[in-house]
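One structure below.
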Amino acid sequence: MIHLKTKEEIELLRENNTLVSLTLAEIGKHIRPGVTTRQLDRIAEEFIRSHGAVPGFLGYNGFPASLCISVNEGVVHGIPSDYVLNEGDIISVDCGTFMKGFYGDSAYTFAVGEIPADVRLLLDTTKEALYKGVAQVKAGARVGDISAAVQSTAEAEGFSVVRELVGHGLGRKMHEEPEVPNYGAKGRGPVLKEGMVICIEPMINMGTRQVVFERDGWTVRTRDGKPSAHYEFAVAVTRDGADVLTDFGVIEKAINN
């Protein structure tokens, strides 16, 4: 069942997703060689709690941390650890909050220092695929319009789209209907209606699309060991298009200063 949100509920979702963006910006300031992913997780938890929310991921279905941190060939759901970041790594940080009865959920892939040109293209293309998907959002469109835009953007650069994991609705639960795949055909899937809030989150691999689910029950990585990138927006559907609740601007300002 798809839950349509009132204007007031959308503002509460915006408040959560703004805090997620600010948390990712804070994390971005600390991403550099020599830092462990566990340190980043600790910073995020303190930041979220200091702003009157609780980490949305901590304890979710038993997840043991506040952030999902996936490095290099990690696709999603990596568990923070004593791994020390190295120059040239990429690090996908997925963050959630829970405040005033609603969730926030967004992700951003950061470069650790200088990264190779082909990896930079992967990050730029994945972000572009996200934006192209968001551009399809408006009442009366279909989920498949988003999916097709993401897939065609990624594959045009020779990259591949992960199929085992998808975007989702967002509200009083972290994961609501509908699912939002990153592959598919225009004109297919559920109709987008005003008041829907969805997370669009391309997960794009440099090599093949095949992934491996690790024995820890969470970590997903590329089968061929090549890098993967992940970006995520929460958006509300309106008659005029997407009302983006996530703010990458604050993240990019933080990491470019």
Side-chain angles (χ1 to χ4, degrees), residues 24 27-28 31-33 35-37 40 67-81 83-95 105-136 146-168 179-185 199-216 218-233 246 248 251-252 255-256:
L24 290 170
I27 291 302
I31 290 176
R32 57 182 175 271
V35 174
T36 70
T37 57
L40 298 177
L67 298 176
C68 295
I69 300 183
S70 306
V71 180
N72 297 331
E73 73 276 10
V75 179
V76 285
H77 303 162
I79 300 171
S81 68
Y83 177 84
V84 177
L85 296 180
N86 298 292
E87 180 85 12
D89 283 346
I90 59 170
I91 170 176
S92 165
V93 182
D94 197 348
C95 178
D105 182 14
S106 299
Y108 196 93
T109 300
F110 299 87
V112 183
E114 294 296 320
I115 60 174
D118 57 346
V119 180
R120 172 54 65 189
L121 180 61
L122 173 67
L123 269 57
D124 291 346
T125 301
T126 306
K127 193 192 298 181
E128 180 66 16
L130 169 62
Y131 293 150
K132 291 288 180 64
V134 170
Q136 302 301 312
I146 301 169
S147 307
V150 171
Q151 182 179 10
S152 62
T153 303
E155 291 180 351
E157 292 291 348
F159 300 131
S160 61
V161 177
V162 174
R163 302 194 176 205
E164 291 82 355
L165 302 136
V166 297
H168 52 90
E179 291 189 342
V180 185
N182 294 305
Y183 65 97
C199 287
I200 303 171
E201 49 176 322
M203 289 156 269
I204 308 299
N205 296 347
M206 181 177 285
T208 65
R209 67 175 179 84
Q210 279 76 25
V211 298
V212 173
F213 290 78
E214 297 284 15
R215 290 182 179 178
D216 63 18
W218 289 103
T219 306
V220 183
R221 62 171 174 81
T222 60
R223 183 179 292 277
D224 61 11
K226 292 184 178 179
S228 182
H230 175 214
Y231 292 88
E232 179 179 11
F233 267 173
T246 305
F248 276 4
I251 302 169
E252 287 161 4
I255 61 178
N256 291 326

Checking F110 now: which residues fulfil ring-ring contact (aromatic ring centres under 6.0 Å, His included) with it, not counting sequence neighbours? Y108
Just so I know, are the side chains of I115 and L123 near enough to count as touching, which here means a heavy-atom distance under 4.5 Å? yes
To the nearest 0.5 Å, what is the distance between OG (S92) and NE2 (H77)? 9.5 Å
With side chains defined as the heavy atoms from C-beta onward, is the minimum distance between I91 and L40 less than 4.5 Å? yes
Tell me yes or no: between the side chains of Y83 and D89, is some donor less than 3.5 Å from an acceptor? yes
Would you say the side-chain atoms of D105 and H168 include a donor-acceptor pair closer than 3.5 Å? yes
Residues forming a side-chain hydrogen bond (donor to acceptor under 3.5 Å, both in side chains) with E164, sequence neighbours excluded: none
Yes or no on side chain to side chain contact (heavy atoms under 4.5 Å, CB included) for I31 and I255, after CA distance, side-chain angles and deciding distance? CA-CA 9 Å; I31 290 176; I255 61 178; over 6 Å; no
So, do L24 and V93 sit near enough that their side-chain heavy atoms are less than 4.5 Å apart? yes
Min side-chain heavy-atom separation V162-I204 under 4.5 Å: no
To the nearest 0.5 Å, what is the distance between OG (S228) and CG (N72)? 10.5 Å
Quick check on E155: does its CD atom have over 12 non-hydrogen neighbours (other residues, nucleotides or ligands) under 6.0 Å away? yes
Full working for side chain to side chain contact (heavy atoms under 4.5 Å, CB included) between F213 and V75: CA-CA 10 Å; F213 290 78; V75 179; over 6 Å; no
For side chain to side chain contact (heavy atoms under 4.5 Å, CB included), just list the numbers for Y231 and E201, CA-CA rounded to whole Å, side-chain angles, deciding distance to a tenth of an Å, and then say yes or no. CA-CA 5 Å; Y231 292 88; E201 49 176 322; over 6 Å; no
Would you say that N182 contacts V166 through its side chain, given a criterion of any heavy-atom pair below 4.5 Å between the two side chains? no
Between A148 and A185 the two heavy atoms that sit nearest each other are CB-C, 4.2 Å
Take T246 and S106 through the side-chain hydrogen bond (donor to acceptor under 3.5 Å, both in side chains) test and state the conclusion after the steps. CA-CA 7 Å; T246 305; S106 299; 2.9 Å; yes
Do the side chains of V35 and V84 get nearer than 4.5 Å, heavy atoms only? no
In terms of heavy-atom contacts, S147 and Y183 come closest through CB-O, 3.2 Å
Candidate pair R120 and E114, rule salt bridge (charged side-chain N to carboxylate O under 4.0 Å, His left out), full reasoning: CA-CA 9 Å; R120 172 54 65 189; E114 294 296 320; over 6 Å; no
Inter-residue atom distance L122.CG - K127.NZ, 0.5 Å rounding: 12.0 Å
Return the minimal non-hydrogen interatomic distance between G88 and P116, and the atom names on each side. O-CD, 4.4 Å
Determine yes or no for a side-chain-to-main-chain donor-acceptor pair under 3.5 angstrom, with Q151 supplying the side chain and G184 the backbone. yes
Intermediate values then yes/no, side chain to side chain contact (heavy atoms under 4.5 Å, CB included), I200 and V134: CA-CA 7 Å; I200 303 171; V134 170; 3.9 Å; yes
What's the verdict on salt bridge (charged side-chain N to carboxylate O under 4.0 Å, His left out) for E73 and K226, showing C-alpha distance, side-chain angles and the deciding distance? CA-CA 5 Å; E73 73 276 10; K226 292 184 178 179; over 6 Å; no
Of T37, T219, I69, the one forming a side-chain contact (heavy atoms from CB on, under 4.5 Å) with S81 is T37
Measuring from D118:CG to E157:CD, what's the distance to the nearest 0.5 Å? 12.0 Å
Measuring from M203:CE to T109:OG1, what's the distance to the nearest 0.5 Å? 10.5 Å
Any heavy-atom pair between the side chains of V112 and P33 that's under 4.5 Å? yes
How far does CD1 of I146 sit from CG of L130, to the nearest 0.5 angstrom? 10.5 Å
Do V211 and N205 touch side chain to side chain, with heavy atoms closer than 4.5 Å? yes
